Structure formats: C-alpha cells, structure tokens
Amino acid sequence: AVAPNQATIGGQVDSLSPEVTVQPLEPIPIMMIHGMNDKKVNFYGGKNKDLPRIDISFKRSVEFWVNNNQGSINNADTTIVNGGLGRVWIVSIKDCIDNKEVRGVAIENKGHGWPGLEESGYDGTNASVDFLKRFSKEFNNSIYTDHKMVLPLSIGAIKRKQRTYL
C-alpha cells in the first residue's frame, strides 16, 4: 500500500520537456489526499504558480492509478463529508484486480498542509492508518507494510455515503 504523500504520478519541468511519470511494476493499493487550494502541487494540474514545473491534476492521478490497478472509474463509490473548511470528497474504486483499492480524497478550501478532523472535517492520519491497515499485516499493536514501515494502530470513521463519481 502507498500512503497519501507518495501518490503523485509525476509532471513536467516546463512545456518543452517530456512528461515524467511513475511506472509501477504491478497493481498496488493507493490513497491520495489533496487540498483543492494547494498552491505547491496544483490540484487541477497545469503550470505551478510557485515552482517552475507543470503539475498533473488530481483527477488524472486517480485515473492513472485506477488504470494501473485494472479497475473502472465508473464503479467509483463517493462519500461526501461536510467539514470545517467545506466539503470533502472520498472516492473509492474497489473493483481493481486483486482488491487493490484506489482512494482519492479531495478537500475543499484546503491548501498543502495535512488534514486534521477539527480543521477540515477529515482525519487524514486515522484514515491513512486505516487504509494501510487493510493492506498490511498486524503484529504487536503495530502495522507492518510490505516495506516494513511501522505505524501505530488507529481506527477512523467515515460519515455519510452517496454514489457518484469525480
């Protein structure tokens, strides 16, 4: 499983340079969390205002991982949570090969910082731990991923379910 800060698929240095993207060797469960007002990594893609590069959009990143994991964006299950900053969209695609889920979380009115429950209505830490826990092995109250990363156990909650897609 891959945590939210590792889910970007790449970008370009400028419009004349080739696009650089990741080349996964196999399907992997992945979760992405992105603030829609992020000025460091442009949510909508395009030229970055603060850095000399061209970002790939959040939507395209989700689509990339769904294709990599051989799922269908048409089978997305979307939960909408009303939080402190605005709405939070949690899009889960679970029909991927070998149950390698793709989850994208978009937070309205959120910039580049880590989302906390009180501030944004979405607890990024607990949600990430819960996601990793589902795709990891439990040992002595810790989580061990395939890469031997250790995280404390935690349980998060998602509030309301609706069916739609990004």
Side-chain angles (χ1 to χ4, degrees), residues 1-11 19 21-24 26-46 48 54-136 143 145-146 149 151 153-166:
V2 177
N5 61 346
Q6 301 296 320
T8 185
I9 62 168
E19 186 173 89
T21 61
V22 296
Q23 299 296 322
E26 60 188 45
I28 57 172
I30 192 151
M31 178 180 185
M32 298 160 273
I33 300 175
H34 205 136
M36 295 173 75
N37 289 348
D38 191 337
K39 294 191 181 355
K40 294 189 186 292
V41 181
N42 189 340
F43 179 85
Y44 300 99
N48 190 294
I54 298 171
D55 295 326
I56 294 174
S57 73
F58 177 76
K59 181 179 179 186
R60 186 160 158 227
S61 293
V62 170
E63 290 168 346
F64 172 89
W65 287 111
V66 170
N67 288 333
N68 180 74
N69 290 0
Q70 301 173 35
S72 172
I73 197 73
N74 295 326
N75 293 326
D77 184 22
T78 301
T79 301
I80 301 172
V81 177
N82 291 315
L85 296 174
R87 291 171 292 183
V88 178
W89 290 268
I90 306 161
V91 179
S92 297
I93 297 89
K94 298 178 180 176
D95 71 341
C96 302
I97 194 166
D98 297 329
N99 297 313
K100 305 293 188 187
E101 180 180 342
V102 174
R103 179 174 296 173
V105 180
I107 303 175
E108 190 173 44
N109 301 316
K110 177 71 179 151
H112 191 69
W114 189 254
L117 183 59
E118 292 177 10
E119 160 236 357
S120 68
Y122 184 75
D123 185 345
T125 301
N126 280 335
S128 297
V129 169
D130 289 343
F131 186 84
L132 290 171
K133 180 180 178 183
R134 288 196 357 222
F135 299 102
S136 304
I143 301 297
T145 68
D146 293 338
M149 179 189 300
L151 299 169
L153 285 177
S154 180
I155 297 177
I158 296 176
K159 298 176 182 171
R160 191 177 77 179
K161 285 209 161 213
Q162 288 185 334
R163 190 136 176 112
T164 183
Y165 92 79
L166 252 158

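Source: prediction; values computed, not measured.
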Practice item. Would you check, one step at a time, whether the test side chain to side chain contact (heavy atoms under 4.5 Å, CB included) holds for Met32 with Trp65? Key: CA-CA 10 Å; Met32 298 160 273; Trp65 287 111; 3.8 Å; yes
Exercise for review: For Ile73 and Asn67, run side chain to side chain contact (heavy atoms under 4.5 Å, CB included): C-alpha distance rounded to whole Å, both residues' side-chain angles, the deciding distance at 0.1 Å, then the answer.
Suggested key: CA-CA 9 Å; Ile73 197 73; Asn67 288 333; over 6 Å; no
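Looking at Thr79 and Val88, their side chains never come closer than 4.5 Å, going by heavy atoms from C-beta outward. Looking at Pro24 and Phe64, their side chains come closer than 4.5 Å, going by heavy atoms from C-beta outward. For the pair Val91/Asp77, no side-chain contact is recorded, criterion being any heavy-atom separation below 4.5 Å from C-beta on. With a 4.5 Å cut-off on side-chain heavy atoms, Trp89 and Met36 count as touching. Contact annotation: the side chain of Cys96 approaches that of Val102 to within less than 4.5 Å [non-hydrogen atoms, C-beta and beyond]. Put simply, the side chain of Phe43 does not reach to within 4.5 Å of the side chain of Ser57, judged on heavy atoms.
Going from atom CD1 of Ile97 over to atom CD of Glu26 covers 10.5 Å, rounded to the nearest 0.5 Å.
Remark: Asp38 pairs with His34, Lys40, Val41, His112 by the side-chain contact (heavy atoms from CB on, under 4.5 Å) rule, at least two apart or across chains. Applying the salt bridge (charged side-chain N to carboxylate O under 4.0 Å, His left out) test to Glu101 and every residue at least two apart in sequence or in another chain returns Arg103, Arg134. Remark: Asn48 engages Asp50, Leu51, Arg53, Asp55 in a side-chain contact (heavy atoms from CB on, under 4.5 Å) (not counting sequence neighbours). Remark: Asn69 pairs with no residue by the side-chain hydrogen bond (donor to acceptor under 3.5 Å, both in side chains) rule, at least two apart or across chains. Remark: Asp95 engages Asn75 in a side-chain hydrogen bond (donor to acceptor under 3.5 Å, both in side chains) (not counting sequence neighbours).
Heavy-atom minimum distance, Asn68 versus Ile28: ND2-N, 4.2 Å. Counting all heavy atoms, side chain and backbone alike, Met31 lies closest to Ser128 at SD-CA, 3.9 Å. When every heavy atom of Ser72 is checked against every heavy atom of Val66, the shortest pair comes out as N-CG1, 3.7 Å. Closest non-hydrogen pair, Ile33 versus Gly124, comes out as CD1-CA, 4.1 Å. Nearest heavy atoms, Tyr122 versus Val105: OH-CG2, 3.4 Å. Contact record, Phe131 with Ile30: CZ-O, 3.4 Å, taken as the closest heavy-atom pair.
For the salt bridge (charged side-chain N to carboxylate O under 4.0 Å, His left out) condition, the pairs that include at least one residue of residues 79-93, sequence neighbours left out, are Arg87-Glu108.
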